[in-house]
Engineer: 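Take this structure, written in structure tokens, and hold onto it; I'll ask about it next.
Order of appearance sets the numbers: ligands from 1, and atoms from 1 within every ligand. Bear in mind the structure is a predicted one, so any value in this text is a computation, not a measurement. The chain is numbered in sequence order, starting from 1.
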Amino acid sequence: MMKKQPVIAMAILLLAALLSCSPRKESVYRKSMPIMDTIVSITVVCESKEQAEKALKETFAAMDHFAGLINFYSDASELSAINRNAGTSATKVSPETFDVIEQAVFVAGKSGGAFDPTIGPVVKLWDFAGRKMPSGIDVSRALPLVNYRDIILDRKNSSVLLRKKGMLMDLGGIAKGYAADIAAASLKKNGILSGLVAVAGDIRTFGMKPDRTPWSIGIKNPRQTGERDEIIAKVRLTQKAISTSGDYERYFIADGKRYHHILDPETGFSAETCRSVSIVADTAVYTDAFSTAVFVLGPEQGMRLAKEMGFDALIIDGHGTTHITDGLKEKISFEKNT
Ligand code: AMP
Ligand code: MG
């Protein structure tokens with residue numbers, strides 16, 4: 001005689017299989033909020049409005065909390081405490097602050113210092129909105145303070161020390177990506193299986209759109225003529241992050257030369273050999289920091305680093321020539337007019 005239990009188990013399995021085949025009633029929910037001096041947009045795919053709203057609320061709160069910890073401009077942030085205590089004492093910080101700094105130091109090491117989170121003293125000398133550039137003397141005084149090797153991390157005590165007085169940590173090249181990863185983790189914790197988090201140009205995707213196609217991310221033309229964003233290509237992604245660093249984001253032109261916010265830690269002046277660098281990797285903390293690093297390294301060395309890390313990359317160099325990894329070719333479509 002056949003036992004009853006296996007029959008029931010089989011029936012449940014069959015029902016589960018049928019349910020997973022039938023189309024689910026998923027909807028797309030989207031919300032945007034200003035965080036970290038930029039707009040954060042989160043899109044989630046979910047069957048219930050209540051679940052989406054709860055997930056979005058918790059996720060924006062987690063991002064806001066992180067933004068408060070690493071706010072360069074707020075005296076109350078942990079980052080400001082680290083900067084105030086430079087050359088004096090180690091600052092105990094929360095796990096997220098420690099982790100993002102540890103990741104920044106990792107990228108700095110991998111890029112030979114092309115990405116350097118101690119770029120603060122040089123960044124402070126520039127005013128891109130006010131179209132002001134520093135004198136060569138000011139830059140040469142600030143440069144000795146820029147060296148990621150002078151960041152002393154004490155994992156056991158979760159503390160950070162900047163070795164020299166006057167050093168300033170600036171996490172502007174990595175924090176947005178890290179925040180996008182925090183958001184993705186928070187959404188998943190809330191049971192969201194598909195979504196897209198965009199912290200300006202730092203984007204993390206997971207799962208698919210309701211029509212079971214990948215998310216599509218536009219790459220901007222770094223030399224567009226009009227006011228409106230011109231897209232030169234679209235990248236199809238699922239379970240991946242993408243960041244773009246560009247010389248068109250914060251810049252001014254003086255005497256026919258472009259000065260922009262991505263600075264070469266060796267010279268203290270804008271890196272000149274790229275217009276735009278997009279990196280695709282598993283996490284946005286990497287895509288954010290490595291897009292800045294590759295931008296500074298330039299097309300040849302930068303492409304080498306991207307490949308060594310196993311990332312996909314799209315580099316538009318200073319002449320407007322496009323360099324692309326093989327892996328990205330199958331995920332990207334260029335617009336017809338480019
Ligand atoms: P992103 O837009 O991600 O490329 O980051 C640019 C921001 O990172 C700048 O606004 C600075 O705050 C900071 N930054 C500029 N140059 C560097 C660099 N070489 N390494 C690390 N951070 C940088
Ligand atoms: Mg970056």
Engineer: Is the number of heavy atoms from other residues, nucleotides or ligands under 6.0 Å of D99 CG greater than 12?
Structural biologist: yes
Engineer: Please determine, by modelled atom types, if T97 and E78 share a side-chain donor-acceptor pair under 3.5 angstrom.
Structural biologist: yes
Engineer: Show me the donor-acceptor pairs, under 3.5 Å and distance only, between side chains in residues 292-306 and residues at least two apart or in other chains.
Structural biologist:
from : atom 1 : to   : atom 2 : distance (Å)
T292 : OG1    : S245 : OG     : 3.4
T292 : OG1    : D288 : O      : 3.2

Engineer: List, for ligand 1, each N/O atom that has a protein N/O partner under 3.5 Å away, with both atom names and the distance.
Structural biologist:
from     : atom 1 : to   : atom 2 : distance (Å)
ligand 1 : 2 (O)  : H261 : NE2    : 3.2
ligand 1 : 3 (O)  : D288 : OD1    : 3.0
ligand 1 : 3 (O)  : T292 : OG1    : 3.2
ligand 1 : 4 (O)  : S245 : OG     : 2.7
ligand 1 : 4 (O)  : T292 : OG1    : 2.8
ligand 1 : 8 (O)  : G173 : N      : 3.1
ligand 1 : 10 (O) : R250 : NH2    : 2.9
ligand 1 : 12 (O) : D170 : OD1    : 3.4
ligand 1 : 12 (O) : D170 : OD2    : 2.6
ligand 1 : 16 (N) : L263 : N      : 3.1
ligand 1 : 19 (N) : A114 : O      : 3.0
ligand 1 : 19 (N) : L263 : O      : 2.8
ligand 1 : 20 (N) : D116 : N      : 2.9

Engineer: Which ILVMFWY residues are connected to L143, directly or by a chain of links, through side-chain heavy atoms under 4.5 Å apart?
Structural biologist: I119, V122, V123, L125, W126, F128, M133, V139, V146, F252, Y259, L263, F269
Engineer: Which atoms form the tightest heavy-atom contact between L171 and P117, and what is the distance?
Structural biologist: CD2-CB, 4.2 Å
Engineer: What closest approach, in Å, do A284 and A241 show between heavy atoms, and which atom pair accounts for it?
Structural biologist: N-CB, 3.4 Å
Engineer: Hey, is there an N, O or S on D202 sitting under 2.8 Å from the Mg ion (ligand 2)?
Structural biologist: no
Engineer: So that I can check it, does any N, O or S atom in T292 come closer than 2.8 Å to the Mg ion (ligand 2)?
Structural biologist: yes
Engineer: So, using side-chain hydrogen bond (donor to acceptor under 3.5 Å, both in side chains) as the criterion, who are the partners of S243 when residues are at least two apart?
Structural biologist: D202, T287
